[in-house]
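Written below as structure tokens is the structure these notes are about.
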Amino acid sequence: MPRPYISQELRRMVAKRADFLCEYCLISESDRSSRYQVEHIISLKHGGSTTEDNLAYSCVFCNLNKGTDLGSIVWQTGELVRFFNPRRDFWGSIFD
Ligand SMILES: [Zn+2]
């Protein structure tokens, strides 16, 4: 699948909205040696769109680990758990 075009304006908006933090691990881009990426929360292959509500700012590690998946199976329980969605979930509620 070809890489979608994401305009520089949209990339800047996503980065600024995230305050230049990875939206998954919350580590600042200034604390990493590599540039962050604008990634699709719901991948294109799963019907996600290249729109601001489906884009997140991500470090390379989080983006590569997430890949195009939507969730994973907890091997201890066999439960299917969807991944954190920066547009729908809040970190504060994860640890309640
Ligand atoms: Zn990260």
Side-chain angles (χ1 to χ4, degrees):
M1 179 173 283
R3 299 182 85 185
Y5 174 73
I6 304 173
S7 71
Q8 287 302 312
E9 179 183 359
L10 187 53
R11 289 177 186 277
R12 277 193 295 274
M13 188 285 299
V14 171
K16 194 170 182 178
R17 177 180 65 192
D19 199 22
F20 300 92
L21 303 175
C22 172
E23 295 191 70
Y24 297 101
C25 68
L26 302 181
I27 294 175
S28 174
E29 185 173 29
S30 63
D31 292 332
R32 296 268 201 208
S33 59
S34 58
R35 292 194 62 184
Y36 280 12
Q37 303 169 338
V38 174
E39 68 98 25
H40 291 80
I41 298 167
I42 298 173
S43 65
L44 298 172
K45 83 174 189 182
H46 292 298
S49 60
T50 306
T51 55
E52 62 183 77
D53 62 323
N54 190 46
L55 295 174
Y57 207 51
S58 176
C59 71
V60 171
F61 303 106
C62 289
N63 196 15
L64 287 177
N65 281 305
K66 177 179 169 281
T68 60
D69 295 337
L70 300 175
S72 187
I73 294 178
V74 179
W75 64 270
Q76 295 96 332
T77 64
E79 179 186 10
L80 175 63
V81 177
R82 72 171 174 80
F83 287 149
F84 178 84
N85 180 324
R87 299 286 78 75
R88 295 176 38 186
D89 304 319
F90 299 95
W91 272 112
S93 63
I94 298 294
F95 299 107
D96 287 345

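Note that these values count all heavy atoms, side chains included, but never hydrogens, waters or copies made by symmetry. Not measured: the values here are computed from a predicted model.
Every residue meeting the side-chain contact (heavy atoms from CB on, under 4.5 Å) condition with S30, not counting sequence neighbours, appears here in chain and number order: S28. Residues forming a side-chain contact (heavy atoms from CB on, under 4.5 Å) with Q76 (at least two apart in sequence, or on another chain): V74. Listed by chain and number, the residues in a side chain to side chain donor-acceptor pair (under 3.5 Å) with T50 are H40 (sequence neighbours excluded). Scored by the salt bridge (charged side-chain N to carboxylate O under 4.0 Å, His left out) test, R17 finds no partners at all (sequence neighbours excluded). Looking at residues two or more places apart in sequence or on another chain, you find a salt bridge (charged side-chain N to carboxylate O under 4.0 Å, His left out) between R87 and E23. Residues forming a side chain to side chain donor-acceptor pair (under 3.5 Å) with N63 (at least two apart in sequence, or on another chain): Q37. Every side-chain contact (heavy atoms from CB on, under 4.5 Å) that R32 has, sequence neighbours left out, goes to C25, I27, Y36, C59, F61. Checked against side-chain contact (heavy atoms from CB on, under 4.5 Å), S72 has the following partners two or more places apart in sequence or in another chain: F83.
Interatomic distance, C22 SG to D31 CG, rounded to the nearest 0.5 Å: 12.0 Å. Between the CG atom in D89 and the OH atom in Y24 there is a gap of 10.0 Å [rounded to 0.5 Å].
In this structure, P4 and L44 approach most closely via the heavy-atom pair CG-CD1, 3.5 Å.
Clustering of Ile, Leu, Val, Met, Phe, Trp and Tyr side chains at separations under 4.5 Å places L80 together with I73.
Put simply, L64 and I41 are part of two different groups of oily side chains (I, L, V, M, F, W, Y) that touch within less than 4.5 Å, one to the next.
Evaluation of the salt bridge (charged side-chain N to carboxylate O under 4.0 Å, His left out) test over residues 56-65, restricted to residues two or more places apart or in two chains, returns none. Pairs passing the salt bridge (charged side-chain N to carboxylate O under 4.0 Å, His left out) check and including a residue from residues 52-70, sequence neighbours excluded, read E39-K66.
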Which atom pairs, donor and acceptor, lie under 3.5 Å between side-chain atoms of residues 7-14 and protein residues at least two apart or in another chain?
from : atom 1 : to  : atom 2 : distance (Å)
S7   : OG     : L10 : N      : 3.1
R11  : NE     : I6  : O      : 3.1

